[in-house]
Amino acid sequence: MNKPETSLQQVAKVTAFLSLGFAVVVSLLMVVNYLQIQTVDPLNDPVIETLIERLDQHPEDEALREQVRRMDLLSRKAYFTTLWQYRMGAYMLLISMVLLLISTKLYLRYKAKDYAPGTAHTLKSLFLLHSKQRQWILAAFFLLAVTSFSVAWLSHPYYSDFSGKPLTERTNETEQPAGDDAQVAAISSDTSTSEEQVPDTEESTEKIAEESKTEEEAPTEEEAQPAPSFPTLDALRRNHPGFRGPDGLGISYSKNVPTQWDGVSGQNIKWKVPVKLPGYNSPVLWGDKLFIAGSDGTTKKVFCYNRLRGELLWEANADGIPGSPASPPKVTDDTGYSAPTVYTDGERVYVIFATGDIAGFDMQGNRLWGRNLGLPDNHYAHSSSLYAHREKIFVQYDHRASQTLFALDVMNGETIWETERPGNISWASPILVRKENRVEIVLANDPYVAAYDTEKGEELWRKDCLSGEIGPSPAYARGIVFAANEYATLAALREGEMVWEDNWFLPDVSSPVAYGDYLYIATSYGDLACYHIADGELLWDHEFDNGFYSSPMVVDGKLYLMDRNGIMRILALGSEFRIIAEPELGERSDCTPAYADGHIYIRGKEHLYCIGE
Amino acid sequence: MKNPLQKYLSATFFLFTSAITFSQQRFPQPEFETGHIPPDPTRPMPRGLFLEYLDVLVLVLLLSLMTYFVLRLRSRKAILWTGVVAIAYFGFWKVGCVCAVGSVQNVSLALFQPGYSLPLTTLAFFVLPLLFALYFGRVFCAGVCFMGALQELVIIKPIRIPLHLQRTLGMIPYLYLGLAILFAATGSDFIICRNDPFIGIFRFSAPFHMLVFALLILALGTFIARPYCRFICPYAVLLNWMSKISHKHTTITPSLCIQCNLCENACPVDAIDVPVQIEKKDRPILQRQKKQFIALTLLIPVLMGLGALLLTQLHEPLSMVHPQVRLAEIIRHEIQSGTRSTTQEATTFHMLGGDPEVLFAEAASLRSQFYRGSLWLGLILGLIGGIALLQTTRAQKREDYVPNKGHCVSCGRCYKYCPVTIRSETYDKRLYDEQT
């Protein structure tokens with residue numbers, strides 16, 4: 001006999017029914033609302049589009065313009081209101097479901113429980129049960145196998161075989177009409193066909209083709225060409241040919257460099273001109289010329305200024321280079337398309353961009369050659385600067401897909417040698433180390449620091465000591481190479497052997513400089529530290545208010561270091577911390593200034609400055 | 001710890017844990033001062049490290065409490081309320097991520113892709129429930145798992161599913177686990193998270209199909225207890241294995257079973273093994289079972305081979321889950337047809353100046369990974385299927401009603417069905433002696 005329902009049970013029953021009804025209504029409304037949201041697109045409202053078209057024909061009609069704005073606002077409001085309703089519906093549905101659940105459970109709680117006793121298995125009943133289980137499992141297996149084989153068999157013809165021949169061969173075999181991608185692929189694999197396929201780059205390719213043709217057909221004419229001349233070490237030191245000066249060591253030989261200026265009042269500012277295209281590359285100097293590069297992704301240019309007057313002498317494009325990507329790669333704002341600093345040897349200027357385009361120009365801005373090294377697979381952007389020694393330009397091309405050190409011919413950009421250096425992506429620049437019988441190029445990447453012979457590209461030594469995203473370039477003094485990176489270590493290496501190691505102050509963008517007995521490290525957090533190069537003893541450290549991306553340089557017996565807010569920290573060299581001056585530029589700057597002939601050249605965020613007394 | 005297998009598994013756990021801990025991220029992510037304000041993510045915001053450690057602490061606390069409630073207090077009410085707390089904390093507050101179920105994929109990714117750093121807290125979420133299962137049974141499923149707890153709450157009138165159907169549907173989690181590991185190991189996708197039916201409820205936001213799926217599962221759960229736990233959950237496979245050899249598992253009766261048969265229908269997940277009587281007259285059946293056992297043992301290599309063949313045939317469609325392979329197929333089609341795809345991926349690829357040859361090489365490498373992974377997966381699934389078939393030839397004499405250690409989720413529903421309430425040291429001792 002059923003027990004009579006208690007009042008609590010009755011209340012629970014009514015609540016359960018009400019909640020169920022409410023949940024069903026809300027669910028239906030939500031479905032309707034969902035369907036509405038699917039049809040409403042505030043960004044492509046046909047009414048607004050019609051009004052906009054009309055406005056295009058009558059741009060002076062202010063009333064129409066206002067109407068478009070009102071309609072747009074209305075459409076957006078309607079869309080977001082519907083979304084809000086949808087969300088509120090979800091809350092209400094949840095509450096009603098919880099109520100339904102609680103009330104049903106309460107109702108059932110007082111109902112008689114089914115305590116019906118069960119029966120034990122006999123072996124026979126178990127055997128029959130197991131047989132049935134087996135049949136079902138095998139049937140499921142069979143069904144799955146048939147379905148899977150059918151799917152595999154039916155879908156197989158639609159999948160490509162990616163493990164076969166290269167694309168170019170396959171497309172030739174199938175004689176398919178080549179799209180843009182096929183052209184790009186063909187260009188990268190066979191430059192002889194590039195002239196026909198890329199008409200807008202005819203001039204540059206012709207130049208390269210002519211050069212190679214000349215070499216092949218009339219080798220004797222090579223003698224007729226003017227022999228390339230290379231700068232002496234003395235000439236390099238008188239100028240500022242690349243990032244962080246001669247050989248990239250952070251040492252300038254300029255004298256009488258000013259220590260006082262003020263960018264706001266104009267004190268000691270000889271000239272100031274706006275930068276025409278963005279870039280984090282630093283200025284370089286040769287003679288009376290100053291070079292910088294800039295790019296916004298689509299336009300890639302080199303600018304040449306008269307460094308004494310600030311007058312723009314020429315600007316040259318680095319576009320139309322064969323193999324250059326049709327669209328610029330994605331780069332981050334803090335690196336940009338033109339982070340690598342250009343290099344000049346006084347005869348030519350060399351530039352590289354985040355697209356992998358590298359080009360050589362003469363000192364009058366005529367492009368001598370251009371080539372693409374392959375799109376760098378780099379999540380920030382390529383930022384390693386160029387250096388040259390005699391007839392070779394060196395490119396540290398460490399990217400996700402491959403890590404290579406290129407030595408290119410300064411005259412035509414052709415590869416003289418290339419050395420694969422397995423490791424990881426890096427953003428650091430090389431330095432050149434001059435020894436008695438040879439010149440070495442030292443590179444830092446994850447996970448090692450390595451030195452290579454500049455003649456043949458052979459690896460001379462290598463030491464695993466770094467990790468992470470390597471931004472700072474190495475430093476060198478008295479036979480010791482210094483390499484450091486944030487979250488890794490500061491390592492002092494002599495011919496690949498660890499001399500000492502420290503991890504107290506570590507840079508992540510700014511490169512260290514070593515001079516005399518001292519090594520200086522500037523960090524992104526505003527620390528500046530001085531170590532003794534022989535044993536790694538920390539001699540002093542100081543925390544400034546602003547961080548450093550620019551690299552410190554030893555100039556005229558002092559340490560010059562620009563912080564991110566444009567304040568130049570000028571310090572005395574040596575074992576004691578002493579600030580000499582702290583002049584302000586009045587503009588943010590992350591580039592490393594160039595020094596020559598008693599002048600400082602600074603690339604700020606917006607302007608290029610010349611400072612001199 | 002008397003069971004040598006248990007010892008071995010414990011040792012393996014600790015070794016495994018230490019090995020993975022070595023691949024922890026050694027340093028915090030670098031900070032860049034670009035002034036860029038990142039947009040709000042559509043998925044849960046990253047949690048602070050402190051909160052992640054707090055999550056682990058809460059997990060340990062709830063697991064310990066649940067163990068106490070299940071094994072000592074034997075209180076269904078306490079188990080349910082712990083489940084409510086788990087739903088509130090891990091479900092609504094922590095919005096369901098990371099959870100033990102999904103952590104299987106993180107661990108797989110860490111094992112097969114050395115570049116991936118497995119967070120210590122994720123590892124803890126993977127290991128702790130398994131360790132507790134190894135020692136105390138599936139106390140995690142009882143209510144510490146917010147998904148299990150939610151399903152537990154919505155059970156209204158559970159019905160029994162035929163056992164043969166249960167056994168067959170019970171194979172799905174193995175397949176799901178295998179695929180989840182394959183996709184995670186190849187860096188393709190985290191399919192468990194992507195198809196999690198409950199996450200939308202806790203986040204108040206989900207694609208429409210996922211909400212519908214969630215409502216269906218919950219509606220189904222009102223009369224088929226815990227459908228996700230029993231027939232879908234891939235983590236349950238691992239918990240099942242651990243729990244089978246658990247050191248101390250919950251019991252139906254607090255003392256000795258008096259064979260009253262009242263509890264047989266008590267379990268909503270059909271995890272009570274009923275007594276099996278074997279008599280002398282059953283000898284011919286036992287003989288037949290032996291023959292079946294031998295035949296099915298010989299069938300195992302065939303099943304493994306078939307599984308391997310089957311899955312390797314499917315490696316191409318399976319590889320399409322990986323975004324790079326999908327993109328490579330699109331680009332290949334573009335080149336062959338001379339047309340341009342309008343998909344976002346293809347447009348981005350062209351915009352970034354991607355090299356098709358590099359993409360195709362990558363796709364070929366991924367396909368080859370899928371081939372190898374499918375081969376192993378097929379072999380393992382064949383083996384598991386074979387073992388499942390072998391289990392149907394086993395008949396063990398059983399005197400009492402006991403929980404099936406693998407399938408029991410320690411929900412405590414059966415406690416009140418047992419009329420035995422007397423508990424004495426003498427009974428406990430006898431029970432212990434009998435069990436050991």
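The figures that follow rest on heavy atoms only: side chains count, while hydrogens, waters and symmetry mates do not. Since we're looking at a predicted model, the values are computed, not measured. Throughout, a chain's letter reflects where its sequence line sits, starting with A, and its residues are numbered from 1.
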Find the one option among A145(A), S27(A), S327(A), A140(A) whose heavy-atom pairs under 4.5 Å with chain B are most numerous.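 Option with the top pair count is S327(A).
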Look at A152(A), G374(A), P325(A) and state which one has the largest set of heavy-atom pairs under 4.5 Å with chain B.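 Highest number of heavy-atom pairs under 4.5 Å: A152(A).
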Given the options [options], which has more heavy-atom pairs under 4.5 Å with chain A than any of the others?
options                            : answer
L163(B), L359(B), L366(B), L311(B) : L163(B)
M171(B), Q292(B), E329(B), R167(B) : E329(B)
T222(B), L314(B), T393(B)          : L314(B)
K397(B), M351(B), Q313(B)          : M351(B)

Quick one: does [X]'s side chain get under 4.5 Å of [Y]'s, heavy atoms only?
X       : Y       : value
L296(B) : R134(A) : yes
F127(A) : R288(B) : yes
D355(B) : L375(A) : no

Chain A heavy atoms under 4.5 Å from [X]: which part of the residue, side chain, backbone, both or neither?
X       : answer
L153(B) : both
Q391(B) : backbone
L318(B) : neither

Give a yes or no on this: more than 12 heavy atoms of other residues, nucleotides or ligands lie within 6.0 Å of atom [atom1] of [X].
X       : atom1 : result
H333(B) : NE2   : no
R394(B) : CZ    : no
F149(A) : CZ    : yes
K132(A) : NZ    : no

To the closest 0.5 Å, what do you measure between [atom1] ([X]) and [atom2] ([Y])?
X       : Y       : atom1 : atom2 : result
Y159(A) : H315(B) : OH    : NE2   : 10.5 Å
F202(B) : L94(A)  : CZ    : CG    : 9.5 Å
L165(B) : Q133(A) : CG    : CD    : 10.5 Å
I155(B) : L108(A) : CD1   : CG    : 12.5 Å
L101(A) : I156(B) : CG    : CD1   : 5.5 Å
T348(B) : K330(A) : OG1   : NZ    : 8.5 Å

What part of [X] gets closer than 4.5 Å to chain B, counting heavy atoms only: side chain, backbone, both or neither?
X       : result
I137(A) : both
S155(A) : side chain
F141(A) : side chain

Please name all residues satisfying ring-ring contact (aromatic ring centres under 6.0 Å, His included) with F293(B), sequence neighbours left out, ordered by chain then number.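 Result, ring-ring contact (aromatic ring centres under 6.0 Å, His included) vs F293(B): none returned.
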For K157(B), salt bridge (charged side-chain N to carboxylate O under 4.0 Å, His left out) partners two or more places apart: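 K157(B) satisfies salt bridge (charged side-chain N to carboxylate O under 4.0 Å, His left out) with no other residue.
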